[in-house]
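Everything below concerns the one structure shown next.
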There are 2 protein chains.
Amino acid sequence: MKEKELRRSLSVLPIGTVMKLTDLSARQIRYYEQQGLVIPERNEGNRRMYSLNNVDQLLEIKDYLSEGINMAGIRHIYEQQKEREHAKQEQMQKSLTDTDVRRILREEIKAVGGLADRADKLSVHKKKL
Amino acid sequence: MKEKELRRSLSVLPIGTVMKLTDLSARQIRYYEQQGLVIPERNEGNRRMYSLNNVDQLLEIKDYLSEGINMAGIRHIYEQQKEREHAKQEQMQKSLTDTDVRRILREEIKAVGGLADRADKLSVHKKKL
DNA sequence: ATTTTATGTCATATTTTATAACACGAAAAT
DNA sequence: ATTTTCGTGTTATAAAATATGACATAAAAT
């Protein structure tokens, strides 16, 4: 599902479209950006270009606001989220090295298996042992 | 998967974005429209707004063109496609009425079952028959 | 009672898009 | 061998969309 993620993160929507999709005013969208919440990419002409993920985030912000949470609160939430993602990232990193360890172990086993094979070939002598 | 279809058919992309996504010039995109191939919606300000489906179709057209097929050919292909869709539509229609028929049959069976029930209730007399 | 927040509104500059026209090489038709 | 048609580029002009910054303000926080 990597392709889907890519699609959702492509900055292809002008602010006008985002306004309609979120039912937010340009003023609001720009203000949230100013507050460090949703920072869109810019095209060559300095126009803001949003992704579907950006839109989702804006809708999320709408929800938070309607729950009475203010900018600072929302900012905090996203910082927390980033932290969690960071932690997960580290976790991933760790588990990756774990699989590395497993791979190495497997290779060691394989090596041992090789020895076993040789032992098999020598097994004609087994009975003798 | 109705929601996905909706997403893909939402007219949210300005022509500039479509140009980048398809690597076609505005001239080309508009010409294909003029030729009846990809007709985008328009926003209140008469700007063309494209959907992801539109983009896919444009990419398809690019392929056809690179295969040497001309506008007329592509138009023909799409007309065929429409016909097929239409046929499928009719088929759907048909099979829907089929299920209707089945439903009706089921109801008839149920009705018969009702009679059967009554027959059961009368079955105390069965032996008499 | 002030100050801060979140948003509206307005003005100005820049960018993007629409439309129409002219051009032009390559392919097709005559 | 010409003439037409096709697909696209380019240019000019007008309208729409967007960016930025300033001023305004009701509601909330202090």
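Below, chains carry the letters A, B, ... as their sequence lines are ordered, and counting in each starts from 1.
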Take the protein atom [atom1] of [X] and the nucleotide atom [atom2] of [N], then report the distance between them rounded to whole Å.
{"X": "A:Gln34", "N": "D:dG21", "atom1": "CD", "atom2": "P", "answer": "9 Å"}
{"X": "B:Met49", "N": "C:dT17", "atom1": "CE", "atom2": "P", "answer": "9 Å"}
{"X": "A:Leu37", "N": "C:dT5", "atom1": "CG", "atom2": "C1'", "answer": "13 Å"}
{"X": "A:Lys62", "N": "C:dT7", "atom1": "NZ", "atom2": "P", "answer": "11 Å"}
{"X": "B:Ile69", "N": "D:dC6", "atom1": "CD1", "atom2": "C1'", "answer": "16 Å"}
{"X": "B:Leu13", "N": "D:dA17", "atom1": "CG", "atom2": "P", "answer": "16 Å"}
{"X": "A:Leu65", "N": "C:dA6", "atom1": "CG", "atom2": "C1'", "answer": "9 Å"}
{"X": "B:Ile74", "N": "D:dC6", "atom1": "CD1", "atom2": "C1'", "answer": "12 Å"}

_Can you confirm whether more than 12 heavy atoms, excluding those of A:Gln89, are under 6.0 Å from its CD atom?_
no

_Counting only heavy atoms from other residues, nucleotides and ligands, does the tally under 6.0 Å from CD of B:Glu3 exceed 12?_
no

Distance check: side-chain N/O of [X] vs OP1/OP2 of [N], anything under 4.0 Å?
{"X": "A:Arg48", "N": "D:dT20", "answer": "yes"}
{"X": "A:Tyr31", "N": "C:dA6", "answer": "yes"}
{"X": "B:Tyr32", "N": "D:dT8", "answer": "yes"}
{"X": "B:Arg42", "N": "C:dT19", "answer": "yes"}

*Hey, could you give me the CD1/CD distance between B:Ile29 and B:Gln34, rounded to the nearest 0.5 Å?*
14.0 Å

*B:Tyr78 OH to B:Leu37 CG distance, which is reported to the nearest 0.5 Å*: 7.0 Å

*State whether a side-chain donor-acceptor pair under 3.5 Å links A:Ser51 with A:Asn54.*
yes

*Under a 4.0 Å N-O cut-off, is there an ion pair linking A:Glu33 with A:Arg27?*
no

*Any ion pair linking A:Glu44 and B:Lys20 (charged N to carboxylate O, less than 4.0 Å)?*
yes

*Determine the contact category for A:Arg30: base if any of its heavy atoms lies under 4.0 Å from a base atom, sugar-phosphate if only primed atoms, P, OP1 or OP2 are that close, otherwise nothing.*
base

*Should D:dT30 form a Watson-Crick or G-U wobble pair with both distances under 3.5 Å, which nucleotide is its partner?*
C:dA1

*DNA chain C: 5'-proximal contact among B:Tyr50 and B:Arg27 (nearest heavy atom)*: B:Tyr50

_salt bridge (Lys or Arg N to Asp or Glu O under 4.0 Å) partners of residues 67-80 of chain B, not counting sequence neighbours, each pair once_ = none

*How does protein reach along nucleotides 11-16 of chain C, written 5' to 3' as B (base within reach of a heavy atom under 4.0 Å), S (only sugar-phosphate), or - (no contact)?*
---BSS

Please list, for nucleotides 27-30 of chain C, all pairs of protein and nucleotide N/O atoms separated by less than 3.5 Å.
none

*Heavy-atom donor-acceptor pair, B:Arg7 side chain to B:Glu5 backbone, under 3.5 Å*: no

_Heavy-atom closest pair, residues B:Leu65 and B:Met71_ = CD2-CE, 3.5 Å

